[in-house]
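Notes follow the structure.
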There are 2 protein chains.
Amino acid sequence: MSNPTNAAPPILLSIAGFDPSCGAGTAADLKTFAAHGCYGVAAITALTVQNTQSVEDVHNTPAATLRAQLEVLARDVEIAAVKIGMLGNRGNAVVVGEFLDAHKFAHVVLDPLMKSSTGTELLDAGGVKYIATELMKRASVVTPNVAEAEILTGLAIKELADMEAAARKLVEMGARAVIIKGGHMERPVDVLFDGNEVVTLGSDRVKIENTHGTGCTFASALAAQLAAGRPFSEAAMLAKAYVTKAIEKSYPVGKGRLPLDHFYRLKIEPPARGLHEVPQHGMHPAAEPAAH
Amino acid sequence: MSNPTNAAPPILLSIAGFDPSCGAGTAADLKTFAAHGCYGVAAITALTVQNTQSVEDVHNTPAATLRAQLEVLARDVEIAAVKIGMLGNRGNAVVVGEFLDAHKFAHVVLDPLMKSSTGTELLDAGGVKYIATELMKRASVVTPNVAEAEILTGLAIKELADMEAAARKLVEMGARAVIIKGGHMERPVDVLFDGNEVVTLGSDRVKIENTHGTGCTFASALAAQLAAGRPFSEAAMLAKAYVTKAIEKSYPVGKGRLPLDHFYRLKIEPPARGLHEVPQHGMHPAAEPAAH
């Protein structure tokens with residue numbers, strides 16, 4: 001009955017917390033993997049009590065249960081890339097560090113998540129320290145936002161030059177490659193540094209507001225692009241283009257910060273009805289059909 | 001930045017256990033919802049330690065945490081349909097029963113999951129009893145497989161007539177509508193009964209083998225079709241057609257029972273190369289391109 005002629009897709013592992021509203025965390029990762037034609041598997045680091053408005057409570061998974069989830073997957077499937085998000089506490093961060101040591105994965109994207117979009121702490125101080133001193137050096141690429149980069153480096157980041165300095169410091173601290181996400185900055189740019197060259201990825205209108213799950217989505221898309229064999233800066237550009245469009249297509253779901261549409265690519269957009277409605281560039285939201 | 005012109009999709013709630021291999025449970029539900037153009041949200045009843053080969057361990061979510069996940073969602077989003085899968089134990093089944101009483105949902109699909117495809121118990125005896133006496137009557141439709149229907153009714157099911165008798169008994173016990181899934185029977189048919197008319201849904205070659213997550217997928221597709229306003233038997237036929245094709249497209253992922261391809265609809269199939277390779281009916285797997 002089963003069809004062995006269906007080709008095996010790349011298998012990507014999400015290590016993250018579960019958000020019941022499914023805008024962030026495990027569900028955002030799995031949707032992003034699927035949208036990139038990959039098969040997602042996942043180990044859950046925490047069950048959050050969360051909707052689009054706030055994170056009301058966090059139940060970190062016991063370390064032994066997290067380890068068991070990771071090992072049961074590693075025994076069964078060939079993992080092409082790993083995306084690490086919310087870890088919750090030092091105990092779970094250590095489990096992940098040991099897992100990375102035991103299995104040599106080709107691509108490990110570490111999103112050093114410390115707070116939710118709505119401000120709730122999602123990692124204890126011991127976990128932050130373990131990321132800075134141990135986990136970063138085990139990743140292929142680390143993707144902090146500005147606030148996380150400030151905490152990891154101890155540097156204040158006010159402008160682009162500060163982002164570059166922080167990126168260089170993260171590489172000095174052991175990161176192989178860094179992307180500092182400046183989506184909330186006045187001029188929303190991302191800074192890439194792989195130890196050789198600083199690259200700035202910008203766009204004129206991609207300031208991130210009123211959404212959640214953008215960091216998870218970017219890191220997961222990056223993992224998918226790296227697993228597909230793209231070089232670092234190209235993978236980052238494609239991941240940024242994906243998350244930008246998914247933000248533009250965010251859904252009116254819930255009363256708070258909107259979830260993205262991870263599957264926007266799979267939908268047919270209505271045609272523009274007049275020249276004045278034609279998108280001016282690739283990142284313009286689709287024109288609405290004219291009313292009749 | 002966010003795009004309020006993107007229409008709100010129907011929001012469907014999965015209440016289920018999490019399978020790290022993502023072939024069954026929460027992830028299968030969310031993928032099915034997405035494949036039907038719906039937005040999925042989810043409350044996790046248990047973290048399982050599971051791959052495609054077996055369920056090695058089960059950690060049921062504490063009842064208070066399950067309740068908190070459900071309530072945080074109900075306060076935030078309008079739920080068009082609920083799909084209930086693995087409950088784990090009586091405590092969590094009672095939480096779900098109380099949740100259904102507190103919120104009147106238009107469509108509730110109850111998949112009374114008792115064992116994994118590989119034979120592990122996923123519900124305690126108290127939970128089975130609560131489903132039989134309390135939860136079934138709070139659902140729009142109950143979707144047991146043959147083994148579950150035997151346990152719920154106390155009847156032995158050997159052939160089609162037994163399936164019909166069990167369906168009638170489940171309605172006597174309080175179910176509003178029943179689908180008994182006979183995918184593992186010698187003649188693989190499903191029996192539908194809504195209190196009025198028994199309908200048999202068959203196909204000549206859809207015997208389910210060597211996959212996992214088919215029950216979760218069927219129930220989730222059914223919830224999506226009911227939320228879209230389809231009448232019961234039409235919704236069941238469409239859900240069966242979806243799961244059948246997703247089984248045919250199951251992936252060679254893992255060393256055990258294959259996960260389905262929930263997104264097969266979104267992929268372009270290779271064209272058939274000769275008349276003898278043209279599918280003979282709608283449920284035939286796609287012909288392979290001829291080798292050159």
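Convention: sequence-line order gives letters A, B, ...; per-chain numbering from 1. Everything numeric here is computed off the predicted structure, so don't read it as measured data.
In this structure, Tyr264(A) has its ring center closer than 6.0 angstrom to the ring center of Tyr242(A). Ring centers of Phe99(A) and Phe105(A): under 6.0 Å apart, within the cut-off. Between Tyr39(B) and Phe33(B), the distance from one ring center to the other does not fall under 6.0 angstrom.
When heavy atoms are compared at a cutoff of 4.5 Å, Glu56(B) approaches chain A solely by way of its side chain, counted from C-beta outward.
Most heavy-atom pairs under 4.5 Å with chain A, from the set Asp57(B), Val72(B), Val41(B): that is Val72(B). In terms of heavy-atom pairs under 4.5 Å with chain A, the best-connected choice from Ala68(B), Gly37(B), Ala42(B), Ser14(B) is Ala42(B). Of the listed residues (Leu260(B), Val77(B), Asp76(B), Val253(B)), the one with the most heavy-atom contacts under 4.5 Å to chain A is Asp76(B). Among Pro9(B), Ala27(B), Gly40(B), the residue making the largest number of heavy-atom pairs under 4.5 Å with chain A is Pro9(B). The candidate with the highest count of non-hydrogen atom pairs below 4.5 Å against chain B, out of Arg75(A), Glu71(A), His262(A), is Arg75(A).
Considering CG of Leu122(A) and CG of Asn89(A), their distance stands at 11.5 Å, rounded to 0.5 Å. Separating the CG atom in Leu12(A) from the SG atom in Cys22(B) is a distance of 11.5 Å, to the nearest 0.5 Å. The structure places CG of Leu73(A) at 7.0 Å from OG of Ser21(B), a figure rounded to the nearest 0.5 Å. Taken to the nearest 0.5 Å, the CD1 atom of Ile247(A) stands 5.0 Å off from the OG1 atom of Thr211(A). Rounding to the nearest 0.5 angstrom, the gap separating the CE atom in Met86(A) from the CZ atom in Phe18(A) is 13.0 Å.
Residues meeting the salt bridge (Lys or Arg N to Asp or Glu O under 4.0 Å) test with Lys31(A), sequence neighbours left out: none.
Within residues 44-53 of chain A, the residues having any heavy atom under 4.5 Å from a heavy atom of chain B are, by residue number, Ile44(A), Leu47(A), Thr48(A), Val49(A), Gln50(A), Asn51(A), Thr52(A), Gln53(A).
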